[in-house]
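What you see is a predicted model, and the numbers here were worked out from it, not measured in a lab. Letters A, B, ... are given to chains in the order of the sequence lines, protein chains preceding strands, and every chain is numbered from 1. All values below come from the heavy atoms of this structure, side chains included, with hydrogens, waters and symmetry mates left out.
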Amino acid sequence: TQTVSQSDAHVTVFEGDSVELRCNYSYGGSIYLSWYIQHHGHGLQFLLKYYSGNPVVQGVNGFEAEFSKSDSSFHLRKASVHWSDSAVYFCAVSPSNYQNFYFGKGTSLTVIP
Amino acid sequence: GPKVLQIPSHQIIDMGQMVTLNCDPVSNHLYFYWYKQILGQQMEFLVNFYNGKVMEKSKLFKDQFSVERPDGSYFTLKIQPTALEDSAVYFCASSLGQGGNTLYFGEGSRLIVV
């Protein structure tokens, strides 16, 4: 059984602050980990993904995420947020030998200008 | 970037009626998905589809649900008959291949069953 846990339902920060959105997963095999962003009223858009190699992966708009096997985590970070980063962020797990994506419950990020 | 189009964007329907949600996936993609989202919460997987067949479906994919993509046209989700609990936003997605290929989502079809 695979699970994806996003411990924070809501995060609120000020513009210019750094932010970390947490994602922990449980899966026994080889997987892809990814983050998607959903602006209000729209579909999800891909941010970044990790499969192997450098555990820190860079995404669009200054986002990065770091994989930790020991912690079973794939946290998303941004050094300085902008008000337009306000959205819901979804972490997803995809088994490497299979085509399906299992999403966490999402973290709603609010950036106060 | 690549676009997935969904028609209709909104639909209100009487309980018990049939509804068909249409999806035009990215042109060279081979895998198609439907997800259900209620009140902006978790994206719940419904079904994925490849080479004309359902590959996997979740418990949410009730017997009243069906999917098809006849002759490379729209990838459709049909609900017959609809129930009140089917009210949600339904997202279509497509991907090129397996194993973590990026999902491309449409803007969603908001279904309200009254």
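Residue B/Tyr50: no heavy atom, backbone or side chain, is found under 4.5 Å from chain A. Proximity to chain B is absent for every atom of A/Gln45, based on heavy atoms less than 4.5 angstrom apart.
Of all heavy-atom pairs spanning B/Glu56 and A/Tyr102, the tightest one is OE2-OH, 3.4 Å. When every heavy atom of B/Gln41 is checked against every heavy atom of A/Phe90, the shortest pair comes out as O-CZ, 3.7 Å. Nearest heavy atom pair, residue A/Lys49 against residue B/Asn101, reads NZ-CA, 3.9 Å.
Not a single donor-acceptor pair under 3.5 Å links the side chain of B/Tyr33 to the backbone N or O of A/Phe101.
Taking hydrophobic clusters as Ile, Leu, Val, Met, Phe, Trp and Tyr residues chained together by side-chain heavy-atom distances below 4.5 Å, B/Met18 does not share a cluster with B/Phe65. One hydrophobic cluster holds both A/Leu76 and A/Leu33 under the rule that ILVMFWY side chains link at heavy-atom gaps under 4.5 Å. Under the 4.5 Å side-chain heavy-atom criterion for grouping Ile, Leu, Val, Met, Phe, Trp and Tyr, B/Trp34 is not connected to B/Leu103 through any hydrophobic cluster. In the hydrophobic clustering of ILVMFWY residues, with side-chain heavy atoms under 4.5 Å counting as a link, B/Leu5 and B/Tyr74 come out apart. B/Phe61 and B/Tyr35 fall into different hydrophobic clusters, where Ile, Leu, Val, Met, Phe, Trp and Tyr side chains are chained together by heavy-atom contacts under 4.5 Å.
Within residues 78-87 of chain B, no residue has any heavy atom under 4.5 Å from a heavy atom of chain A.
The number of heavy atoms from other shown groups lying within 6.0 Å of CD1 (B/Ile12) does not exceed 12. More than 12 heavy atoms of other residues, nucleotides or ligands sit less than 6.0 Å from atom CZ of B/Arg69. Residue-environment remark: NZ (B/Lys62) exceeds the threshold of 12 foreign heavy atoms within 6.0 Å.
Taking OH from A/Tyr36 and OG1 from B/Thr102, the interatomic distance works out to 5.0 Å, rounded to the nearest 0.5 Å. Going from atom CZ of A/Phe46 over to atom CZ of B/Phe105 covers 12.0 Å, rounded to the nearest 0.5 Å.
Looking only at heavy-atom pairs under 4.5 Å with chain A, the residue among B/Gln6, B/Gln37, B/Glu44 that has the most is B/Gln37.
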